[in-house]
Amino acid sequence: MFFSIIKKVSLKKNVKNYLSNITPPSGEKITTINLLIDGTHFNETTKLVNEFVKNGIKTENIRVLALVKDKIILDTELITYFRPKDIALSGNVSKDKINSFIYEKSDLLVSYYKSKEINLDYIALKSTADFKAGFWTSDINPNHLTIDSSLSDYKLFTEELFKYLKALNKI
């Protein structure tokens, strides 16, 4: 309990440092997408991925990272799961797949969570994705584009996202 409080304070400090370094997106087209999902509040990940595929994104160009709390779930080819314990007090990440998600270049990061979860905020801010979209979550908002919809209405979210991406000439 005490350790988790110290960890949250430490990660918040790191997050605030990253907030000052947000850069504007480039004008490049979006072909690769990273989805960052709170698996404790949303369990329709496969259906969400299918909505991206329906909008012209190839399945092999989509990577998913989902936060789970207590469940031990095995990673799939498409989805990598992580728990808060995979991020150390210092902000170091212990799983190579999470580091790959953060540091390998992608065109779009979709932060699909509404909860105030510092672990998700930390990964979203650390991500090297060129363009970031998601929900307005808190005072910590790394997104270039925010969409207001229900977490359970993934169809509306993707419809609005692609409408704005087309208007911005990103796809």
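Side-chain atoms are counted along with the backbone in the values below, which use heavy atoms only and exclude waters and symmetry mates.
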- Run the numbers on V49 and Y154 for side-chain contact (heavy atoms from CB on, under 4.5 Å), then give the verdict. CA-CA 10 Å; V49 169; Y154 57 88; over 6 Å; no

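- Between the side chain of K126 and the backbone N or O of N99, no donor-acceptor pair lies under 3.5 Å.
- Looking at D107, its side chain does come within 3.5 Å of a backbone N or O of T31 through a donor-acceptor pair.
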- Query: Which is it for N169 and K29 under the side-chain contact (heavy atoms from CB on, under 4.5 Å) test, yes or no, and what are the steps along the way?
  - Reply: CA-CA 7 Å; N169 202 23; K29 301 282 186 188; 2.8 Å; yes

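- Between V93 and F82 there is no side-chain heavy-atom pair separated by less than 4.5 Å.
- A side chain to side chain contact (heavy atoms under 4.5 Å, CB included) with L36 holds for exactly one of L67, I102, L65; it is L65.
- Atoms NZ and CD1, on K58 and I33 in that order, are 13.0 Å from each other to the nearest 0.5 Å.
- Taking CD from E117 and CD1 from I123, the interatomic distance works out to 9.5 Å, rounded to the nearest 0.5 Å.
- Between the CD1 atom of I37 and the CZ atom of F42 there is a distance of 6.0 Å, given to the nearest 0.5 Å.
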- Task: Determine, step by step, whether E160 and Y164 satisfy the side-chain contact (heavy atoms from CB on, under 4.5 Å) criterion, reporting the C-alpha distance in whole Å, the side-chain angles of both residues, the deciding distance to 0.1 Å, and the verdict.
- Result: CA-CA 6 Å; E160 290 295 313; Y164 286 108; 3.5 Å; yes

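- Although no hydrogens or angles enter the test, the distance criterion places no donor-acceptor pair under 3.5 Å between the side chain of T32 and the main chain of L108.
- Both V53 and V64 belong to a single network of hydrophobic side chains, linked directly or stepwise wherever heavy atoms of I, L, V, M, F, W or Y lie under 4.5 Å apart.
- Within the model, atoms OH of Y122 and CD1 of I87 stand 7.0 Å from one another, a figure rounded to the nearest 0.5 Å.
- In terms of heavy-atom proximity, L161 sits nearest to V110 at CD2-CG2, 4.0 Å.
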- Item | side-chain contact (heavy atoms from CB on, under 4.5 Å) evaluation trace for S149 with F135 | CA-CA 8 Å; S149 74; F135 297 101; 3.5 Å; yes

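- Residues Y103 and T128 approach most closely at O-OG1, 3.2 Å, considering heavy atoms.
- If you take CD1 on I57 and CZ on F162, they are separated by 4.5 Å, rounding to the nearest 0.5 Å.
- For the pair D130/K105, a side-chain contact is recorded, criterion being any heavy-atom separation below 4.5 Å from C-beta on.
- A salt bridge is defined here as a Lys NZ or Arg NE, NH1 or NH2 lying under 4.0 Å from an Asp or Glu carboxylate O, and E44 with K155 fails to meet this definition.
- Using modelled atom types, one side-chain atom of K95 and one backbone atom of Y81 make a donor-acceptor pair closer than 3.5 Å.
- Taking OH from Y112 and CG from L151, the interatomic distance works out to 5.0 Å, rounded to the nearest 0.5 Å.
- In this structure, K132 contributes its side chain and S127 its backbone to a donor-acceptor pair below 3.5 Å.
- Judged by distance alone, the side chain of R63 and the main-chain N or O of S100 form a donor-acceptor pair under 3.5 Å.
- Judged by distance alone, with hydrogens and angles left aside, the side-chain atoms of D86 form a donor-acceptor pair with the main-chain N or O of R83 at under 3.5 Å.
- When every heavy atom of D38 is checked against every heavy atom of Y113, the shortest pair comes out as CB-CB, 3.6 Å.
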